[in-house]
Enquirer: 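Mind looking over this structure? Questions follow.
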Amino acid sequence: MKQVIVDDTEDVSLDVGNEEELALQKAKIRHPLATFFHLFFRIGAIVAYLFCDWFSKSFITCFVIILLLLAFDFWSVKNVTGRLLVGLRWWNQIDEDGKSHWIFEAKKASPNISTSTEVEARIFWLGLIICPIIWTIFFFSTLFSLKLKWLALVIAGISLQSANLYGYVHCKTGGQQNVSKSASRFLSQQLFQRTL
């Protein structure tokens, strides 16, 4: 009698270290610190603008605190949270001739690994769109209430927040020349998706 040895084992590849990667893909917020600071400086500047008179009677102190929060927000959104939360970045570069070149980049989406979650992207875009609208409301309320000393601060808030919004909409649309048409199309798509 001949005995046939049958190998009924199966080759199984072990993915060592993929447990962390799978857990990150399933997480709703993969970058909690970046998400926190994306909202903290923005909301902090708005809250400080609204309530700073209650805590300090010094206009200069309030002005400096709010301007610092706006500057921290601009830097963190432009250099950190845009990359981490939505995979976009933009910057200005000066060549040897002294000409200014604006560079708008979007990270290539890999099919296997997503860099951010839908929740993070939604938080990023809502914060990016809503805060300049709030600063615009502050502009008109400051103008109509004749609190002209606050006008420079509100204009700085609108400028810094709108610059980030413009840069990231430009990145999202692929650097197309007609940004206003692309921005309105993007915003209408976002509103349409939210209503569904």
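Not measured: the values here are computed from a predicted model. By convention here, the first residue in the shown sequence is residue 1.
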Enquirer: For the CD1 atom of Ile66 and the CG atom of Leu50, what is their distance to the nearest 0.5 Å?
Expert: 8.5 Å
Enquirer: Going from CG on Asp73 to CG on Leu39, what distance comes out if it is rounded to the nearest 0.5 angstrom?
Expert: 9.5 Å
Enquirer: Report the C-alpha separation of Ile94 and Lys99 in whole Å, then their side-chain angles, then the decisive distance to 0.1 Å, and conclude whether the side-chain contact (heavy atoms from CB on, under 4.5 Å) test is met.
Expert: CA-CA 5 Å; Ile94 310 283; Lys99 293 182 182 177; over 6 Å; no
Enquirer: Given side-chain contact (heavy atoms from CB on, under 4.5 Å), test Lys147 with Leu151 step by step and report yes or no.
Expert: CA-CA 7 Å; Lys147 294 182 181 178; Leu151 202 56; over 6 Å; no
Enquirer: Rounded at 0.5 Å granularity, tell me how far CD1 in Ile65 sits from CG in Leu70.
Expert: 12.0 Å
Enquirer: In this structure, is the centre-to-centre distance between the rings of Phe41 and Phe37 below 6.0 Å?
Expert: yes
Enquirer: Using every non-hydrogen atom in the two residues, find where Ser56 and Thr61 come nearest and quote the distance to one decimal.
Expert: OG-CB, 3.9 Å
Enquirer: Kindly give the heavy-atom pair with the smallest separation between Ile129 and Pro132, and that separation in Å.
Expert: O-CD, 3.4 Å
Enquirer: Would you say Phe63 has more than 12 foreign heavy atoms packed within less than 6.0 Å of its CZ?
Expert: yes
Enquirer: Could you go through the side-chain contact (heavy atoms from CB on, under 4.5 Å) check for Ile103 and Asn92 one step at a time?
Expert: CA-CA 6 Å; Ile103 300 164; Asn92 185 356; over 6 Å; no
Enquirer: Nearest 0.5 angstrom please: Ile123 CD1 to Thr81 OG1, how far?
Expert: 11.0 Å
Enquirer: Is there a ring-ring contact (aromatic ring centres under 6.0 Å, His included) between Tyr49 and Trp135 once you walk through the steps?
Expert: CA-CA 10 Å; Tyr49 178 78; Trp135 283 104; 5.5 Å; yes
Enquirer: Determine whether a donor-acceptor pair (N or O, by modelled atom type, separation under 3.5 Å) exists between the side chain of Tyr168 and the backbone of Val77.
Expert: yes
Enquirer: Under the criterion side-chain contact (heavy atoms from CB on, under 4.5 Å), I'd like the reasoning laid out for Arg42 against Ile134: C-alpha separation, chi angles, the key distance, then a yes or no.
Expert: CA-CA 10 Å; Arg42 290 178 170 269; Ile134 292 171; over 6 Å; no
Enquirer: Is a side-chain donor-acceptor pair under 3.5 Å present for His101 with Asp95?
Expert: yes
Enquirer: Check the orientation of His170 and Tyr166. Use parallel for under 30°, tilted for 30 to 60°, and perpendicular for over 60°.
Expert: tilted
Enquirer: Classify the ring geometry of Phe124 against His38: parallel below 30°, tilted from 30° to 60°, perpendicular beyond 60°.
Expert: parallel
Enquirer: What's the spacing between Thr142 OG1 and Leu153 CG if we round to 0.5 Å?
Expert: 8.5 Å
Enquirer: Roughly how far apart are Ser162 OG and Leu128 CG, rounded to 0.5 Å?
Expert: 9.5 Å
Enquirer: Do Phe138 and Trp150 have their ring centres less than 6.0 Å from each other?
Expert: no
Enquirer: For residues Ala163 and Phe74, report the shortest heavy-atom separation together with the two atoms involved.
Expert: CB-CE1, 4.0 Å
